Amino acid sequence: MKKKIKIKNNIFNYNNEFNTIVLKLENSIDNYIGKIDIDYESNEKIMKISINSINEIILNKQEFLKQIWVATKYKGYYFKYYKNKWFCKRNHCEIFNFFKNFFIKKIGKNILFNS
């Protein structure tokens, strides 16, 4: 019985972590709307970010695996929680550094991620 409680707590923590990331991305992007061509939409399982009305990046919750998947036009990235941060399994980049590099590459701007 204790294992079931532990699993539920892990799912709860995972969902909170995902929501924190989405909220941080939304708040940061909101600071740039109107200044650059960027927009987003999100719900409880997915976040879509549109850049220059064509490029899209999709942040997707994978609750069963306790991972966050990020899809770009050319590649997919899988993030796993480790030592209080989300790291990419492919290149070991922390999730907000990943987004920082992605935005610099796509729009030439360093989007600041506020707490």
Side-chain angles (χ1 to χ4, degrees):
M1 182 135 178
K2 286 185 180 179
K3 279 190 173 186
K4 287 184 181 178
I5 293 170
K6 186 175 182 181
I7 290 169
K8 284 184 181 179
N9 284 340
N10 284 339
I11 294 298
F12 176 77
N13 291 338
Y14 165 79
N15 287 325
N16 281 342
E17 287 293 327
F18 180 81
N19 293 338
T20 298
I21 288 171
V22 169
L23 186 60
K24 196 171 185 178
L25 284 168
E26 288 174 348
N27 289 337
S28 299
I29 291 170
D30 283 344
N31 292 329
Y32 294 89
I33 290 179
K35 299 173 188 170
I36 56 177
D37 189 5
I38 189 168
D39 199 11
Y40 67 87
E41 62 181 89
S42 61
N43 63 39
E44 61 194 42
K45 294 186 179 188
I46 194 167
M47 178 181 194
K48 294 180 183 180
I49 302 170
S50 299
I51 302 164
N52 298 328
S53 301
I54 50 172
N55 292 314
E56 192 169 81
I57 187 167
I58 300 171
L59 184 73
N60 189 0
K61 180 162 65 168
Q62 296 296 317
E63 190 173 278
F64 180 75
L65 299 171
K66 295 186 192 81
Q67 293 179 350
I68 295 173
W69 292 4
V70 177
T72 66
K73 188 174 182 177
Y74 299 105
K75 291 184 182 177
Y77 301 88
Y78 308 96
F79 291 84
K80 189 143 178 108
Y81 197 68
Y82 178 73
K83 293 190 176 183
N84 299 322
K85 292 189 179 184
W86 290 91
F87 290 94
C88 180
K89 291 178 74 174
R90 174 181 291 168
N91 60 17
H92 309 289
C93 185
E94 190 271 334
I95 196 163
F96 289 107
N97 285 333
F98 169 85
F99 281 108
K100 174 185 169 185
N101 293 335
F102 181 83
F103 291 131
I104 288 172
K105 183 178 177 183
K106 293 295 180 183
I107 58 178
K109 297 271 186 197
N110 181 10
I111 292 188
L112 302 174
F113 297 104
N114 305 321
S115 300

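Note: hydrogens, waters and symmetry copies are ignored here, and every other heavy atom, side chains too, is used. Counting from 1, the numbers follow the sequence of the chain as shown. This structure is a prediction, so every number in the text was calculated from the model and none was measured.
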K.L.:
Does any non-hydrogen side-chain atom of K66 lie less than 4.5 Å from one of I11?
P.N.:
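Yes - at least one pair of side-chain heavy atoms lies under 4.5 Å apart.
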K.L.:
Mind checking side-chain contact (heavy atoms from CB on, under 4.5 Å) for K73 and listing every partner two or more places apart, or none if nothing turns up?
P.N.:
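Testing K73 for side-chain contact (heavy atoms from CB on, under 4.5 Å), a comparison that skips the adjacent residues, returns none.
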K.L.:
On a heavy-atom basis, which atom in N43 and which in K45 lie closest, and how many Å separate them?
P.N.:
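Nearest pair, atom of N43 first, then K45: OD1-N, 2.8 Å.
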K.L.:
Sequence neighbours left out, what passes ring-ring contact (aromatic ring centres under 6.0 Å, His included) with F87? Give chain and number order.
P.N.:
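Once residues adjacent in sequence are excluded, F87 has no partner under the ring-ring contact (aromatic ring centres under 6.0 Å, His included) criterion.
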K.L.:
List in chain and number order the residues that pass side-chain hydrogen bond (donor to acceptor under 3.5 Å, both in side chains) with S42, two or more places apart in sequence or in another chain; answer none if no residue qualifies.
P.N.:
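Checked S42 against side-chain hydrogen bond (donor to acceptor under 3.5 Å, both in side chains); matches are E26.
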K.L.:
Going by side-chain contact (heavy atoms from CB on, under 4.5 Å), M47 matches just one of V70, I21, L59. Which one?
P.N.:
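Output: one option passes, namely L59.
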K.L.:
According to the ring pair (Phe, Tyr, Trp, His ring centres under 6.0 Å) rule, which pairs have a member within residues 16-57, sequence neighbours left out?
P.N.:
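Non-adjacent pairs meeting ring pair (Phe, Tyr, Trp, His ring centres under 6.0 Å): zero.
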K.L.:
Under 4.5 Å between any side-chain heavy atoms of I51 and F102, yes or no?
P.N.:
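Yes, close enough: below the 4.5 Å cut-off.
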K.L.:
Is there a path of hydrophobic side-chain contacts, each under 4.5 Å between heavy atoms of I, L, V, M, F, W or Y residues, that connects I33 with I104?
P.N.:
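No; tracing contacts between hydrophobic side chains, which count when under 4.5 Å, never links both residues.
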K.L.:
Please identify each residue that fulfils side-chain hydrogen bond (donor to acceptor under 3.5 Å, both in side chains) with K61, with sequence neighbours left out.
P.N.:
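If we apply the side-chain hydrogen bond (donor to acceptor under 3.5 Å, both in side chains) test to K61, skipping adjacent residues, the hits are N15.
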K.L.:
State which residues pass side-chain hydrogen bond (donor to acceptor under 3.5 Å, both in side chains) with E56; sequence neighbours excluded, sorted by chain then number.
P.N.:
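Residues passing side-chain hydrogen bond (donor to acceptor under 3.5 Å, both in side chains) with E56: none at all.
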K.L.:
Enumerate the residue pairs fulfilling side chain to side chain donor-acceptor pair (under 3.5 Å) with a member in residues 91-101, sequence neighbours excluded, ordered by first and then second residue.
P.N.:
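Sorted pair list comes back empty.
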K.L.:
Apply ring-ring contact (aromatic ring centres under 6.0 Å, His included) to Y78 and list each qualifying residue two or more places apart in sequence or on a separate chain.
P.N.:
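So Y78 forms a ring-ring contact (aromatic ring centres under 6.0 Å, His included) with W69.
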K.L.:
OG1 of T72 to CD1 of I49: how many Å apart, nearest 0.5 Å?
P.N.:
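Output value for this atom pair is 12.0 Å.
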K.L.:
Share the residues that join Y74 in a hydrophobic cluster, the rule being Ile, Leu, Val, Met, Phe, Trp or Tyr side chains under 4.5 Å apart at the heavy-atom level.
P.N.:
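For Y74, no cluster forms, as it stays isolated from other hydrophobic side chains.
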K.L.:
Taking only residues two or more places apart in sequence or in another chain, which ones pass side-chain contact (heavy atoms from CB on, under 4.5 Å) with N16?
P.N.:
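With neighbours one apart ignored, the set is F12.
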K.L.:
How close do L65 and K80 get, counting heavy atoms only, and between which atoms?
P.N.:
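Result for this residue pair: O-NZ, 4.0 Å.
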K.L.:
For N52, give me all partners under side-chain hydrogen bond (donor to acceptor under 3.5 Å, both in side chains), at least two apart in sequence or on another chain.
P.N.:
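Testing N52 for side-chain hydrogen bond (donor to acceptor under 3.5 Å, both in side chains), a comparison that skips the adjacent residues, returns none.
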K.L.:
Could you grab the distance from atom CD of E17 to atom CH2 of W86, nearest 0.5 Å is fine?
P.N.:
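CH2 of W86 is found 6.5 Å from CD of E17.
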K.L.:
Is a side-chain donor or acceptor of Y14 paired with a backbone partner of Q67 at a separation under 3.5 angstrom?
P.N.:
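Checking the backbone N and O of Q67 against the side chain of Y14, a donor-acceptor pair under 3.5 Å is found.
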K.L.:
Quick check for you: to the nearest 0.5 Å, what is the distance between S28 atom OG and F96 atom CZ?
P.N.:
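Answer for the OG-CZ pair, S28 versus F96, is 7.0 Å.
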K.L.:
Sequence neighbours left out, what passes ring-ring contact (aromatic ring centres under 6.0 Å, His included) with F79? Give chain and number order.
P.N.:
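F79 satisfies ring-ring contact (aromatic ring centres under 6.0 Å, His included) with F98 once adjacent residues are dropped.
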K.L.:
Evaluate the side-chain proximity of Y77 to I68: yes if any heavy-atom separation is below 4.5 Å, no if none is.
P.N.:
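Answer no - side chains too far apart.
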